[in-house]
Amino acid sequence: MTNKLKITFLLGIFMMIFSSNMMNAQLKPGELVDGIAAVIGDEIVLESDVNEQMHYAKQQGASNTDKCEFLENLISNKLLVYEAKKDTLIENRSAAIKEQANAKYRQLLSQFPDEKTMLAAYKFRNAYEMKNAIEKIDTDQYYGQAKYQRVTEKADVTPNEVTDFYNLYKMQLPEVKDEISLAQIVMYPKLTEAHKDDLIKRLKKIKQDILGGETFESQARIYSEDEGSAANGGLYKNIYKGQMVKPFEAAALNLQENEISEPIESEFGYHIIQLLKKSGKVYDARHILLKATPTDDEIKTAKAKLDSIRGLIQDGKMTFKDAAFKFSDDKRTKFNAGVIPGADGSDKIERESIPGTISYELAGLNKGDITPAFEEEENRRKLVKIIKIEDVIPAHQITLETDYNRIKQMALNKKKNEMVEKFVNSKLPTIFMSIDGRYDNCNFKANWKKESIKK
């Protein structure tokens with residue numbers, strides 16, 4: 001459930017953990033199992049952390065195999081994490097991160113027949129070890145990013161700085177691959193009243209069974225369709241106000257402890273909620289979700305409506321921008337003329353990165369064309385959409401004339417990195433540092449070893 005009830009999983013980051021466990025399972029006699037590579041304040045970089053980074057980078061096609069560079073990147077991030085935890089303006093989210101790690105663990109578990117199978121698949125010895133690995137990555141990511149943003153929040157570049165950056169690095173800038181700009185109108189098929197009534201009746205029956213002696217926990221395990229909490233009896237702990245979708249939170253916070261709500265509707269379906277405890281801005285609750293999964297007829301009705309909107313646009317009776325604002329259910333794009341953002345935040349998307357289902361719908365279309373309505377699934381939720389090709393950009397060498405905003409972002413990123421590097425160097429004299437002797441021959445950019453500088 002996007003950003004809220006359903007906690008999504010960053011597969012690429014998680015693979016960094018799993019790949020290391022698989023490598024350790026294949027160690028040869030005499031090889032190092034693990035050890036401390038570096039200590040920064042009270043933060044530790046393990047030898048396995050360095051290996052994970054290198055292994056994952058190779059999987060992604062990186063050619064760099066300089067172990068010293070990977071260690072330095074990890075040390076730098078750990079310093080940011082160390083400083084972030086001392087920064088009173090950065091929220092301490094340790095409890096929430098731990099619960100999030102547990103939820104991610106439960107979500108993964110729902111994809112396997114049992115816990116033993118999952119642990120074996122990911123090469124972890126037990127649940128505690130796997131949850132700790134998830135929590136470690138999430139903690140470093142949260143605090144590292146939070147401090148990075150604090151250090152760089154005032155960063156900006158002038159047009160002259162953008163030009164200077166381009167002139168200095170233009171021979172090193174990569175060629176832009178074939179790109180495309182797309183806009184979309186998304187609709188979540190609406191359920192019929194009869195379908196809604198059926199879901200509500202089912203939840204009311206479950207509630208009566210609970211009031212009659214069944215436990216909420218057991219009923220959630222049997223009936224709830226929330227992959228993130230069903231296996232744990234529908235439980236969410238340490239929920240911060242604003243974390244859940246509004247209908248869920250409003251219903252939960254209007255309950256007395258251990259009271260069960262009537263069925264309520266959210267964008268994900270229908271719920272009954274039990275408030276377990278509430279303390280300030282944090283609360284614990286269980287819920288049972290029955291998803292609003294549309295039937296084939298409901299999907300067909302949504303497609304027909306979108307195709308009629310497509311016809312109005314093609315006949316010039318409405319612009320795509322106005323139609324997106326009026327009809328699209330995708331909050332991410334409806335206020336921006338339906339434009340789908342690329343990976344770098346611009347409106348350009350590399351053609352080769354477009355999912356196969358969408359590529360199939362776009363096949364044979366040109367700039368200005370709009371696809372017929374088609375069905376898709378995002379975050380395990382069925383939807384229908386139409387897509388317009390706003391622009392087609394052939395592969396080309398980056399220039400100021402064609403890619404100013406892209407070059408501006410590169411220049412800004414460089415300035416941010418320089419600000420972070422300056423911040424790190426300013427903190428080095430005050431932080432305890434220790435790097436294992438295996439890295440004595442590394443030529444680090446920063447003076448991590450705090451060697452005296454000869455005048």
Original post:
Can you find a pair of side-chain heavy atoms, one from Val245 and one from Glu267, that are under 4.5 Å apart?
Top reply: yes

Do the side-chain N and O atoms of [X] and [Y] include a donor-acceptor pair separated by under 3.5 angstrom?
{"X": "Ser76", "Y": "Asn73", "answer": "no"}
{"X": "Asn92", "Y": "Tyr143", "answer": "yes"}
{"X": "Asn232", "Y": "Tyr105", "answer": "no"}
{"X": "Thr333", "Y": "Asp330", "answer": "yes"}
{"X": "Tyr128", "Y": "Asn132", "answer": "yes"}

**OP:** Kindly check if the number of other-residue, nucleotide or ligand heavy atoms within 6.0 Å of CG (Asn441) is above 12?
**Re:** no

**OP:** Might you confirm whether atom NZ of Lys86 has over 12 heavy atoms from other residues, nucleotides or ligands at distances under 6.0 Å?
**Re:** yes

**OP:** I would like to know whether Asp49 and Phe70 meet side chain to side chain contact (heavy atoms under 4.5 Å, CB included); could you show each step before the answer?
**Re:** CA-CA 9 Å; Asp49 295 334; Phe70 284 98; over 6 Å; no

Subject >> Carboxylate-amine/guanidinium proximity below 4.0 Å for Lys382 and Glu377 >> reply: no

Original post:
What residues, two or more places apart in sequence or in another chain, satisfy salt bridge (Lys or Arg N to Asp or Glu O under 4.0 Å) together with Glu175?
Top reply: none

**OP:** Find out whether the Lys NZ or Arg CZ of Arg381 is both under 6.0 angstrom from the six-membered ring centre of Tyr188 and within 45° of the ring's axis.
**Re:** yes

**OP:** Can you label the angle between the His287 ring and the Tyr236 ring as parallel, tilted or perpendicular, going by 30° and 60°?
**Re:** tilted

